[in-house]
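Letters A, B, ... mirror the listed sequences (proteins, then strands); counts begin at 1.
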There are 2 protein chains.
Amino acid sequence: MNDRTTFNDSSAPDELLSPLLDYLARRLRAEAEADLRPFSLKIRHVVALTVLRDLGERAQSQMSEALGMDATGIVALLNDLESQGLIERRRAAQDRRRHNVLITDAGCRRLAEVHRAIAGLEQRMFGLTGQESTALYQLLQKATASAAGGPAESVAGEDFPH
Amino acid sequence: MNDRTTFNDSSAPDELLSPLLDYLARRLRAEAEADLRPFSLKIRHVVALTVLRDLGERAQSQMSEALGMDATGIVALLNDLESQGLIERRRAAQDRRRHNVLITDAGCRRLAEVHRAIAGLEQRMFGLTGQESTALYQLLQKATASAAGGPAESVAGEDFPH
DNA sequence: TATTGTTATACTCTATAACTATA
DNA sequence: TATAGTTATAGAGTATAACAATA
């Protein structure tokens with residue numbers, strides 16, 4: 001049964017979030033390309049490194065879940081990072097089918113550099129104050145935790161970095 | 001929350017916004033696909049229709065700028081919408097090179113339906129309260145206005161819907 | 001038989017370059 | 001010559017399907 005009235009009144013603002021998210025993500029990827037070229041990385045590499053730094057060693061299947069990406073995409077992503085020595089793949093002893101992935105020291109250092117570059121880009125591009133930026137981060141964080149739980153549920157999972 | 005107040009107002013938070021935006025936009029596109037399939041539309045069609053509804057008649061070159069997309073992408077986008085009768089292209093009398101684009105009545109009706117579908121998806125997916133959702137909208141709105149002005153400037157332009 | 005990771009492949013999204021018609 | 005739109009094409013980005021190794 002559909003409860004349309006509560007739905008409209010209690011929650012959503014008049015306008016949609018999706019067009020803004022779509023727009024900002026597209027612009028971001030385009031702008032970040034230039035800043036990340038010296039590192040031979042793309043935004044999704046940064047996402048993957050961030051997850052590995054914050055969550056530690058993970059199986060590739062868990063990476064796939066945490067990043068909301070297909071497993072086949074993860075393979076290519078990790079290949080890029082491994083060829084630069086930023087991550088390591090290790091056969092898991094308990095289950096030899098599994099490749100455990102972890103960030104290397106070089107990966108951590110690289111991530112820190114990239115982090116500074118992207119932070120600068122965000123500041124220039126979004127023009128938000130520190131407070132606004134923090135508030136936005138927290139809201140996106142909450143939305144992400146919810147989205148990571150599944151499309152129809154609001155399960156705040158530990159699937160994404162804080 | 002720890003000593004967050006020690007941050008000066010101009011500094012960014014410790015963590016990056018970009019990975020979250022990238023993640024959410026990717027998930028959103030994937031999830032919205034199912035909801036939008038009955039309409040034969042994608043998220044970017046919704047963005048385009050929203051812009052046309054809010055800003056009125058526009059040249060294609062202006063659409064390109066407003067959407068932050070290459071002009072060639074706009075052509076295919078508008079072809080899709082025109083073939084469904086949701087928008088119209090008219091030769092501009094003053095400058096016959098130009099195609100002015102405007103949303104049709106059918107387009108407005110379709111957009112309203114789609115709007116409801118996406119709003120429901122956002123609520124299920126992001127699990128935000130009405131207040132949070134509104135706050136997030138306003139922050140994304142501000143970031144979008146800034147980003148529309150250019151990568152290095154904070155010019156709040158009239159380029160994107162309010 | 002089911003699961004982890006991989007390869008091969010195709011489809012979607014976006015950008016670059018060349019063409020047309022107007023100015 | 002320059003600009004608005006279009007076409008053709010190529011390149012990312014992501015997903016689907018079949019396969020190998022292991023459980």
Side-chain angles (χ1 to χ4, degrees), chain A residues 18-19 21-34 36-37 40-48 57-83 87-102, chain B residues 18-19 21-34 36-37 40-48 57-83 87-102:
Chain A
S18 305
L21 286 170
D22 186 72
Y23 174 82
L24 286 172
R26 182 153 26 79
R27 289 295 308 273
L28 194 63
R29 198 170 33 193
E31 297 292 340
E33 196 181 337
L36 293 178
R37 190 169 303 128
S40 301
L41 295 176
K42 301 292 176 73
I43 278 283
R44 66 206 146 86
H45 296 111
V46 179
V47 184
E57 196 164 335
R58 278 290 191 272
Q60 290 192 199
S61 58
Q62 291 177 298
M63 293 291 297
S64 164
E65 193 181 335
L67 296 173
M69 282 178 59
D70 194 89
T72 60
I74 302 296
V75 175
L77 195 62
L78 295 179
N79 285 347
D80 297 340
L81 295 172
E82 193 176 35
S83 72
I87 61 127
E88 257 184 62
R89 278 192 256 226
R90 293 182 184 160
R91 280 280 176 200
Q94 325 88 289
D95 182 344
R96 290 189 44 75
R97 290 174 301 185
R98 246 165 57 199
H99 271 164
N100 281 349
V101 185
L102 55 112
Chain B
S18 306
L21 287 169
D22 186 72
Y23 173 82
L24 286 171
R26 182 153 25 79
R27 289 293 310 272
L28 193 65
R29 197 172 33 194
E31 297 291 340
E33 197 181 336
L36 292 178
R37 190 169 302 130
S40 301
L41 295 177
K42 301 292 174 74
I43 278 283
R44 67 206 145 88
H45 296 112
V46 179
V47 185
E57 195 165 334
R58 278 290 190 274
Q60 291 191 197
S61 57
Q62 292 177 297
M63 294 291 296
S64 164
E65 194 180 336
L67 297 175
M69 282 178 60
D70 194 89
T72 60
I74 302 295
V75 174
L77 195 62
L78 295 179
N79 286 347
D80 297 340
L81 295 172
E82 194 176 34
S83 71
I87 60 127
E88 255 185 62
R89 277 192 258 226
R90 292 181 184 161
R91 281 279 178 199
Q94 326 89 284
D95 182 345
R96 291 189 43 76
R97 290 173 302 185
R98 247 166 54 201
H99 271 163
N100 281 349
V101 185
L102 55 113

Nearest-Å distance, [atom1] ([X]) to [atom2] ([N])?
{"X": "Asp80(A)", "N": "dA12(D)", "atom1": "CG", "atom2": "C1'", "result": "12 Å"}
{"X": "Leu67(B)", "N": "dG5(D)", "atom1": "CG", "atom2": "P", "result": "13 Å"}
{"X": "Arg98(B)", "N": "dT3(D)", "atom1": "CZ", "atom2": "P", "result": "14 Å"}
{"X": "Ile74(A)", "N": "dG13(D)", "atom1": "CD1", "atom2": "C1'", "result": "12 Å"}
{"X": "Met69(A)", "N": "dA12(D)", "atom1": "CE", "atom2": "P", "result": "15 Å"}
{"X": "Leu28(B)", "N": "dT14(D)", "atom1": "CG", "atom2": "P", "result": "14 Å"}
{"X": "His99(B)", "N": "dT7(D)", "atom1": "NE2", "atom2": "C1'", "result": "14 Å"}
{"X": "Ile87(B)", "N": "dG5(D)", "atom1": "CD1", "atom2": "C1'", "result": "13 Å"}

For Arg98(B), give me all partners under side chain to side chain contact (heavy atoms under 4.5 Å, CB included), at least two apart in sequence or on another chain.
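With neighbours one apart ignored, the set is Ala59(B), Ala92(B), Gln94(B), Asp95(B), Asn100(B).
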Please produce a list of atom pairs where a protein N or O lies less than 3.5 Å from an N or O of nucleotides 20-23 of chain D.
unit_1: dA23(D); atom_1: OP1; unit_2: Arg96(A); atom_2: N; d: 3.0

For Leu67(A), is there any backbone N or O sitting under 3.5 Å from a side-chain donor or acceptor partner on Arg26(B)?
yes
Hey, is the main chain of His99(A) close enough, under 3.5 Å, to the side chain of Arg90(A) for a donor-acceptor pair?
no
Between the protein and nucleotides 16-18 of chain C, list the N/O to N/O atom pairs that are separated by less than 3.5 angstrom.
unit_1: dT16(C); atom_1: O4; unit_2: Thr72(B); atom_2: OG1; d: 3.0

Between the protein and nucleotides 9-11 of chain D, are there any N/O to N/O pairs under 3.5 Å, and if so, what are the atom names and distances?
none

Of all the nucleotides listed (dT6(C), dT14(D), dT6(D)), which has the minimum atom distance to the side chain of Arg29(B)?
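Comparing dT6(C), dT14(D), dT6(D) against the side chain of Arg29(B), the answer is dT14(D).
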Partner set under side chain to side chain donor-acceptor pair (under 3.5 Å) for Ser61(A), not counting sequence neighbours:
none
Results of side chain to side chain donor-acceptor pair (under 3.5 Å) for Arg44(B) - residues two or more places apart only
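Arg44(B): no side chain to side chain donor-acceptor pair (under 3.5 Å) contacts found.
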Just wondering, more than 12 heavy atoms not from Arg96(A) lying within 6.0 Å of its CZ?
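Not more than 12 within 6.0 Å, no.
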